[in-house]
Amino acid sequence: MQAVREWLKQARNVAALTGAGVSAESGVPTFRGNNGLWKQRRPEELATPGAFARDPKLVWEWYNWRRGVLAEVKPNPGHYALAELEQRLSAFTLITQNVDGLHLRAGSRNVLQVHGSIWNLRCLICEQERVDRRTPLPEIPPTCECGGMLRPGGVWFGEALPRDIWREAEAAARSADLFLVIGTSAVVYPAAGLAQIAKASGARVVEINIEETAISNGIDSFLQGPSGKLLPQLIA
Ligand code: BV8
Ligand code: ZN
C-alpha cells in the first residue's frame with residue numbers, strides 16, 4: 001500500500017477503470033457474483049439486442065428492478081475517495097463500466113461511462129436519447145413521443161461502445177503513468193483490455209479487488225480488500 005501511495009504521489013497522469021465491485025458496498029448486486037442473477041437469468045442473456053427483440057417486456061422488467069434497487073442506494077467511501085482523487089490530481093480520468101451513475105453522484109466529474117447509463121433511454125425509431133430517473137417507469141416498454149419503443153441506454157453485449165467515449169478512454173489508458181483497476185472481474189472486453197493498453201504504454205498497473213481476477217498476474221501491485229476500505233486508505 002505504501003509503494004502505491006508513492007506511485008500516486010509521483011504520477012503525472014492517473015487513470016482508473018472501475019467495475020461493479022466499487023458499487024458492491026453501496027448494496028448494488030455485482031454481475032458475476034452469486035447475486036448477479038435475476039429470475040435465474042444471467043446478464044449475458046438479458047443485456048443483448050436479441051433478448052430485447054425477443055421479449056422487450058422481460059428485459060424492461062429486469063431494468064426496472066435494477067433501477068429500483070439503484071434509486072435506494074448511495075455512493076460509498078470508495079466512490080468519494082475517487083472523487084477526492086480527481087480534485088487533488090492535475091490529470092485524473094475515471095473510466096467506469098458501471099451504468100449506475102454513483103461516481104457522478106459522489107462528485108466525480110471527468111467520468112467516462114463506457115457502457116452507458118441505466119438512467120438513459122433511447123428511442124429505437126428516432127434514436128433520441130433522454131434521461132428518465134422515474135422508478136418504476138409508468139409503462140414498460142416505455143414509448144417515445146414519436147411513437148417508437150424506448151430501449152435502455154446501456155451498451156449491450158455484441159454492441160459497440162460509444163465511439164467518442166471509447167476513444168477518450170483508450171487515450172487516457174495510453175497516457176497514464178499509473179492505471180488503477182478497481183472492482184472488476186476484467187472479463188468484459190474491450191473495457192478489460194484498457195489495463196493491457198496502459199501496461200504496454202509504460203504505466204504501472206495497480207489492482208484493487210477482494211479476489212484475484214483474470215489480469216492479476218500481469219500487473220505491478222495487487223491490493224486485496226474492499227475498495228470502500230482501501231481507496232480511502234490509499235488517498236489518506
Ligand atoms: C463488443 C451494460 C463488438 C449493460 C454490459 C461472444 C459473443 C458476443 C460477444 C462476445 C463474445 N465473446 C466476447 C465478446 C465480447 C463481449 C464480452 O467481452 N463478453 C464477455 C462476457 C466474454 N463484449 C461485448 O459484447 C462488448 N461489445 O465487443 O462489441 C463490436 C465492435 C464494433 C462494432 C460492433 C460490435 C460490449 C460489452 C458491454 C456489455 N454491457 N453492461 C447493463 O449493465 O445494463 S457488461 C456488464 O459487465 C456491466 O457493464 C459490468 O460493468 C461489466 C463488467 O462486469 P464487472 O463490472 O467486472 O462486474 P463483475 O460482477 O463481473 O465483477 C465484480 C468484481 O468486483 C469482481 O472481480 C469482484 O471480486 C469484485 N468485488 C466485489 N466486491 C468488491 C469487489 N472489489 C472491490 N471491493 C468490493 N467490495
Ligand atoms: Zn422516438
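Just so you know, ligand 1 is whichever comes first in the structure, and atom 1 is the first atom listed for that ligand.
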Proximity of [X] to ligand 1 by residue part, where a heavy atom lies under 4.0 Å:
X     : value
Ala24 : side chain
Glu25 : side chain
Arg66 : side chain

- [ ] Look at the side chain of Asn98 and the backbone N and O of Gly19, then say whether any donor-acceptor pair between them is shorter than 3.5 Å.
- [x]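 Side chain of Asn98 to backbone of Gly19: a pair is present.
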Open item on the list: Checking the side chain of Asn76 only, and the main-chain atoms of Val22 only, is there a donor and an acceptor separated by less than 3.5 Å?
Closed with: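 Side chain of Asn76 to backbone of Val22: a pair is present.
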For [atom], find the nearest protein heavy atom and state the residue, atom name and distance (0.1 Å precision).
atom                    : value
atom 70 (C) of ligand 1 : Asn209 OD1, 3.3 Å
atom 23 (N) of ligand 1 : Tyr189 O, 2.9 Å
atom 78 (N) of ligand 1 : Ser227 N, 2.9 Å
atom 75 (C) of ligand 1 : Gly21 CA, 3.5 Å
atom 33 (C) of ligand 1 : Ala160 CB, 3.5 Å

Strictly below 4.0 Å, N to O, side chains only: are [X] and [Y] in salt-bridge contact?
X      : Y      : result
Arg130 : Glu145 : yes
Lys199 : Asp220 : yes
Glu61  : Lys39  : yes
Glu170 : Arg167 : no
Arg134 : Asp132 : yes
Arg32  : Glu211 : no

- [ ] If you have a sec, read the angle at the Zn ion (ligand 2) from Cys146 atom SG over to Cys126 atom SG, to 10 degrees.
- [x]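 Computed angle, vertex at the Zn ion (ligand 2), rounded to 10 degrees: 120°.
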Quick one: which ligand 1 atoms are inside 4.0 Å of a heavy atom on [X]?
X      : result
Val155 : 2 (C), 4 (C), 5 (C), 38 (C), 39 (C), 40 (N), 41 (N)
Ala20  : 55 (P), 56 (O), 58 (O)
Gly19  : 56 (O)
Trp156 : 36 (C), 39 (C)
Gly183 : 63 (C), 64 (C), 65 (O), 76 (N)
Glu211 : 69 (O)
Val187 : 18 (O), 20 (C), 22 (C)

Task: Gap separating the OG atom of Ser23 from the CD atom of Gln97, nearest 0.5 angstrom - done: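 Atom-to-atom, Ser23:OG and Gln97:CD are 11.0 Å apart.
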TODO: Count the heavy atoms of every other residue, nucleotide or ligand shown that sit under 6.0 Å from CZ of Arg88, and state whether that count exceeds 12.
DONE: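 Counting neighbours around CZ of Arg88, more than 12 heavy atoms of other residues, nucleotides or ligands fall under 6.0 Å, so yes.
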Open item on the list: Tell me whether the count of non-hydrogen atoms from other residues, nucleotides or ligands lying under 6.0 Å of CD in Gln2 goes above 12.
Closed with: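 For Gln2, atom CD is crowded (more than 12 foreign heavy atoms under 6.0 Å).
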Open item on the list: Both conditions, 6.0 Å and 45 degrees, for the charged tip of Arg66 above the ring of Trp62: are they met here?
Closed with: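 Pair Arg66/Trp62 counts as cation-pi.
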Task: Selection from Trp166, Tyr63, Phe157 by shortest heavy-atom distance to atom 21 (C) of ligand 1 - done: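 The option holding the nearest heavy atom is Phe157.
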So is [X] touching ligand 1 or not, going by heavy atoms under 4.0 Å?
X      : result
Ser185 : yes
Gly158 : yes
Ile118 : no

